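What follows is a short report on a single structure.
The analysis underlying the following values was restricted to heavy atoms, covering all of them including side chains, and did not include hydrogens, waters or symmetry mates. Note that the coordinates shown come from a computational prediction; the quantities given were computed from them, not determined experimentally. Sequence lines set the chain letters: A, B, ... in the order given, protein chains first and strands last, and positions in each chain run from 1.
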Amino acid sequence: MAAKKLKRQSEQFYSSPEPKRKKIDQEADRCATAFYSQPCESLAKALLGCTLVRETSPTLRLTATIVETEAYLGGEDKAAHSYNGKRTPRNEAMYMDPGTCYVYSVYGTHSCVNVSSLGEGAAVLIRALEPVTGVENMYTRRKSAKKDKDLCNGPAKLCQALDIDKTLNKVDLTSCACLWVEPRSHDLADDDIVCTGRVGVNYAGTEWSNKHLRFYVKGNRCVSRL
DNA sequence: CTAAGGATTTGCT
DNA sequence: GCAAATCCTTAGA
């Protein structure tokens with residue numbers, strides 16, 4: 001009986017457009033609204049060590065550990081797309097509920113993925129992952145990657161590896177059935193988190209590019225740069 | 001180091 | 001409306 005119901009739900013689920021899919025059963029472990037509802041810097045650090053899960057088909061699940069993030073605060077933060085409360089069609093997701101996915105394209109060909117946090121226009125950029133499952137499939141999209149650590153060691157690389165593009169903009173990570181985050185399976189001490197200036201934001205001036213709003217797991221081979 | 005690349009925004013007419 | 005400048009990057013000299 002239950003199995004039949006689940007099968008029907010599953011069929012409905014996979015026949016609807018991917019970004020619109022809602023979860024059909026209890027995920028074993030998925031970060032919920034309470035997790036995302038924390039200040040940007042705090043969420044950026046909390047995401048380290050968590051698992052980003054991307055289901056691209058009924059039979060293919062890609063997972064990778066988050067090892068590098070950056071906080072974009074909105075308001076005074078000149079590096080943020082939402083600087084000074086600016087709203088555009090592009091950055092709407094930054095103002096949506098905590099746990100909303102913000103995917104934007106940069107330099108034309110590349111996508112980057114962020115997670116909305118608590119605060120107006122505040123979001124966390126995911127900069128690097130350590131691949132865990134579905135590695136072979138990642139290589140099919142990451143043509144130039146020679147080693148596993150090259151698959152996801154950059155914000156646009158990870159999007160390509162996990163097949164994340166703008167069709168996933170504005171999805172709710174707490175309910176989307178094809179993309180979500182799972183909590184840390186192991187503890188991560190504060191001592192193992194390195195804080196530095198953010199990458200690629202020199203246009204914002206030294207004050208904001210040097211602020212320690214970039215976080216990565218100390219010693220991890222998959223971070224985008226030293 | 002530089003070129004590529006196209007979506008997005010801005011600043012005009 | 002259209003043209004120009006900008007860009008949270010990557011791959012490959």
Side-chain angles (χ1 to χ4, degrees), chain A residues 19 39-41 43-45 47-48 52 64 66-96 98 100-117 119-131 138-170 173 179 181 194-217 221-226:
Chain A
C40 201
E41 278 187 68
L43 179 61
K45 285 187 270 193
L47 281 168
L48 294 174
L52 185 62
I66 299 172
V67 298
E68 179 181 350
T69 60
E70 281 179 358
Y72 288 85
L73 309 179
E76 297 290 296
D77 183 359
K78 290 182 178 170
H81 291 166
S82 50
Y83 169 54
N84 212 5
K86 184 171 78 168
R87 282 173 184 261
T88 66
R90 176 178 66 166
N91 71 9
E92 276 181 52
M94 297 184 84
Y95 293 90
M96 293 172 68
T100 302
C101 183
Y102 171 39
V103 184
Y104 67 91
S105 62
V106 69
Y107 298 104
T109 45
H110 305 301
S111 297
C112 296
V113 62
N114 301 247
V115 181
S116 176
S117 70
E120 278 289 290
V124 176
L125 170 70
I126 312 288
R127 280 198 59 90
L129 309 170
E130 180 173 348
M138 296 183 196
Y139 273 104
T140 64
R141 254 167 272 104
R142 294 277 308 120
K143 195 172 150 257
S144 67
K146 301 267 186 284
K147 299 181 168 186
D148 288 6
K149 69 173 175 58
D150 302 321
L151 288 169
C152 299
N153 61 343
K157 293 177 184 178
L158 91 253
C159 283
Q160 194 179 6
L162 298 199
D163 203 17
I164 293 170
D165 63 16
K166 279 185 52 195
T167 62
L168 291 171
N169 190 33
K170 298 188 195 174
L173 264 25
L179 185 68
V181 176
V194 182
C195 310
T196 70
R198 289 172 292 182
V199 176
V201 295
N202 290 338
Y203 60 87
T206 53
E207 183 196 346
W208 284 98
S209 61
N210 291 339
K211 256 189 202 307
H212 283 20
L213 293 173
R214 170 176 179 244
F215 309 97
Y216 63 85
V217 177
R221 67 207 161 102
C222 296
V223 300
S224 64
R225 24 211 278 207
L226 217 72

With distance as the sole test, does [X] use its side chain to make a donor-acceptor pair with the main-chain N or O of [Y] at under 3.5 Å?
X	Y	result
N153(A)	A128(A)	no
D150(A)	S144(A)	no
Y216(A)	E70(A)	no
R198(A)	A71(A)	yes

Could you check S144(A) against S82(A) and say which one's nearest nucleotide on DNA chain C is further toward the 5' end? S82(A)
Closest nucleotide of DNA chain C for D150(A) versus for M94(A): which of these residues is on the 5' side? M94(A)
Tell me what [X] touches on the nucleic acid: a base, only sugar-phosphate, or nothing, going by heavy atoms under 4.0 Å.
X	answer
K143(A)	nothing
A156(A)	sugar-phosphate
R198(A)	nothing
R142(A)	sugar-phosphate

Side-chain heavy-atom pair Y102(A), N169(A) within 4.5 angstrom cut-off: yes
Quick one: are L125(A) and C112(A) in side-chain contact, heavy atoms under 4.5 Å? yes
Could you check L129(A), L151(A), D148(A) and say which one makes a side-chain contact (heavy atoms from CB on, under 4.5 Å) with M138(A)? L151(A)
If we check side-chain contact (heavy atoms from CB on, under 4.5 Å) with T167(A), which of these qualifies: D163(A), I164(A), D165(A)? D165(A)
Taking a pair as Watson-Crick (N1 to N3 plus N6-O4 or O6-N4) or G-U wobble (N1-O2 and O6-N3), both under 3.5 Å, which stems of 3 or more consecutive pairs involve DNA chain B? B:1-4 with C:9-12, B:6-12 with C:1-7
Over how many whole Å does the gap from [X] atom [atom1] to [N] atom [atom2] extend?
X	N	atom1	atom2	result
Y104(A)	dT8(B)	OH	C1'	12 Å
N91(A)	dA7(B)	CG	P	18 Å
Y203(A)	dT9(B)	OH	C1'	13 Å

Below the 4.0 Å mark, does dG6(B) have OP1 or OP2 next to a side-chain nitrogen or oxygen of T109(A)? no
Identify, between P89(A) and H110(A), the residue whose nearest nucleotide on DNA chain B lies closer to the 5' end. H110(A)
Nucleotide range of DNA chain C lying under 4.0 Å from chain A heavy atoms: dC7(C) to dA11(C)
So if I take every side-chain heavy atom of T88(A) and compare against dT8(B), dT9(B), dG5(B), which nucleotide ends up nearest? dT9(B)
Salt bridge check, E68(A) against R225(A): does any charged N sit closer than 4.0 Å to a carboxylate O? no
